[in-house]
Amino acid sequence: MLLAPPGAKRQPPAPSAGEMQRRSLPIFQARGPLLSQLRSLDSAILIGETGSGKTTQIPQYLYEAGIGRQGIIAVTQPRRVAAISLATRVSDEKKTELGKLVGYTVRFEDFTSEETRIKFLTDGMLLREAIGDPLLRKYSVVILDEAHERTIHTDVLFGVVKAALKKRKDLGKFPLKVVIMSATMDVDQFSQYFNRAPVLYLEGRQHPIQIFYTKQPQSDYLQAALVSVFQIHQEAPSSQDILVFLTGQEEIEAMTKTCRDIAKHLPDGCPQMVVMPLYASLPYTQQLRVFQAAPKGYRKVILSTNIAETSITIAGIKYVVDTGMVKAKKFSPESGLEVLAVQRVSKAQAWQRTGRAGREDSGICYRLYTEDEFEKFDKMTIPEIQRCNLASVMLQLLALRIPNVLTFDFMSKPSPDAIQAAIEQLDLLGAVDRKEDQVTLTPLGRKMAAFPLEPKFSKTILMSPKFHCTEEILTIVSLLSVDSILYNPPSRRDEVQSVRKKFISSEGDHLTLLNIYRAFKNVSGNKEWCRENFVNNRNMMLVLDVRAQLRDICLKLSLPIESSRSDTGNIRRCLAHSLFMNTAELQPDGTYATVDSHQLVAIHPSSVLFHCKPACVMYNELLHTNKCYMRDLCVVDADWLYDAAPDYFRRKLRAAKN
DNA sequence: CTCTCCCT
């Protein structure tokens, strides 16, 4: 043997069992090429299916190879639970305590320290950090994972990291490296966008899944799903569970009932069946039931929305039944309306659903559409950034000091109409100045950007000291910025109504919610009270966290925090300052029309004002489903609206005269 | 006479 070169280290100890396990992953093959690429280049695209181990291994490879030791390696995730569980797993693999070398940051939870070098965080969290530091100077490497999901935050981050990378290169210090990790989609688009970054492909470890299409197109996907479930049920061993993808709560509850009824009258020798609904607004304890194994001799049938596509993973699913339908939001910039409609899934989404059958073993997927129909599905789901109101995004870009937000380098550009509509909304709220195609943030706008909220909510908070009702506005905004705290099981409607009566305010939903919050605080957040009053305890706990965070921001901005106590007029006057563009008037024929565009709208049946006919209302949002519904309403005096935004209403009056 | 889903 040759002499070791000077300074060479001694032979490293033999790899441990855990280390051998890590080396056996298929991704280990990609280690060399990836590291040499990232030593010489700024960015790389990594394509690999779930199960390739890329998310847990790549950050460790980079760290172990000493790439980016001078800073932190960030790994973003679209979901909180993913960020938390990945950090836990990687810190276990490194045999370190969570929060030391490996940590995570999500809203309300920060498990990092001075020592942290690998940090998992939600994409929304990194975006928020970027407002304080657009160059992301803490980070040496940013890994954007699950990029194919194209969440609105990931899409904005694409532009933010691309700009930061260039700027840091131009400055000639702390180079930033960017890794985009995605499933097998969008590859060319990613590479093009990141200056023709090289693409590495990784092998996955999926189990084989057999796919069956229907021979004929199905006119009734619910009927088809029902037939499929019971066909599988009569043929397959009872230990094999079924996951059915449907579109919404109502549909799922109805189907659950039908399945249970049919299951009662099955022929002898047929296994028993447990049917479980699954959707986001279901109380947490009921969601947890889908993880429990069914008793022996029983088959588990889960009827789910797209929550089971990515957010919730259930073990032991052998069969997936895909109706090919999904309920999703579309944005029409012309009308400025968000439309929630049942529509076809994309091919990418269909593959995601199919994959849910092969997580531990081979699986079977029944697609309730023909192969020809499938071929006509869109390749990808339209990125969220092209389907949403952009007011928040534009405010964030302005806060990031992007030179010209109107020409921001999006990977998939939203329509100019959507961008204009967002700027218009910010202008009405007083957040921006517009001069010859230049949009800049006002001091008010900069304060608004400090809140993790929709601009109209931040505006209300900032106006509240003037009305001496900041305590109440903080509560109302918190209640409105989480999923509904009200649990409305359709089968117990009468019970819900009678129990809720005591909280109802004739002034509308905002004050009704405030009453419920106050009652909840009076019993110190009692769980039993929540159950009895059909209040979603988990969401209510979230409200407390949100409120505390918003209150902190108010204190940092030195806002005086007062309570209006029983004066509800002041609260509504304050709300008018941010909802004045969302108002509707009662017409002689008993319908409502918006003041802004004379759109025909209706009061949503979930509103406490549903059976009332106030002359003038303001609402939080319009949602187009069967009808165009106003959600979360508040009774308002026309005079207050005029006081809140005189210019706006003067313009409206002038437009009406012409 | 009713609300896919995630996130700061």
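Only heavy atoms go into these numbers, but all of them, side chains included; no hydrogens, no water, no symmetry mates. Letters go in sequence order (proteins before strands), and every chain restarts at 1.
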Indicate, with a heavy-atom threshold strictly under 4.0 Å, whether [X] touches base, sugar-phosphate, or nothing.
X	value
A/Thr625	sugar-phosphate
A/Arg80	sugar-phosphate
A/Asp483	nothing
A/Leu340	base
A/Phe451	nothing
A/Val342	nothing
A/Arg107	base

Distance under 6.0 Å and angle within 45° of the ring axis: does A/Arg356 meet both against A/Trp351?
no

Send over the distance from A/His624 NE2 to B/dT2 P, rounded to a whole Å.
13 Å

If the cut-off is 4.0 Å, is A/Ser311 near the phosphate of B/dC5, judged by side-chain N/O to OP1 or OP2?
no

Can a side chain N or O of A/Thr122 be found less than 4.0 Å away from OP1 or OP2 on B/dC7?
no

How about A/Arg446: does its CZ atom have over 12 heavy atoms from other parts shown lying under 6.0 Å from it?
yes

Distance-only check: which donor-acceptor pairs under 3.5 Å involve side-chain atoms of residues 617-630 of chain A, not counting sequence neighbours?
{"unit_1": "A/Glu621", "atom_1": "OE2", "unit_2": "A/Arg631", "atom_2": "NE", "d": "3.1"}
{"unit_1": "A/Glu621", "atom_1": "OE2", "unit_2": "A/Arg631", "atom_2": "NH2", "d": "2.6"}

Mind checking salt bridge (charged side-chain N to carboxylate O under 4.0 Å, His left out) for A/Arg551 and listing every partner two or more places apart, or none if nothing turns up?
A/Glu471

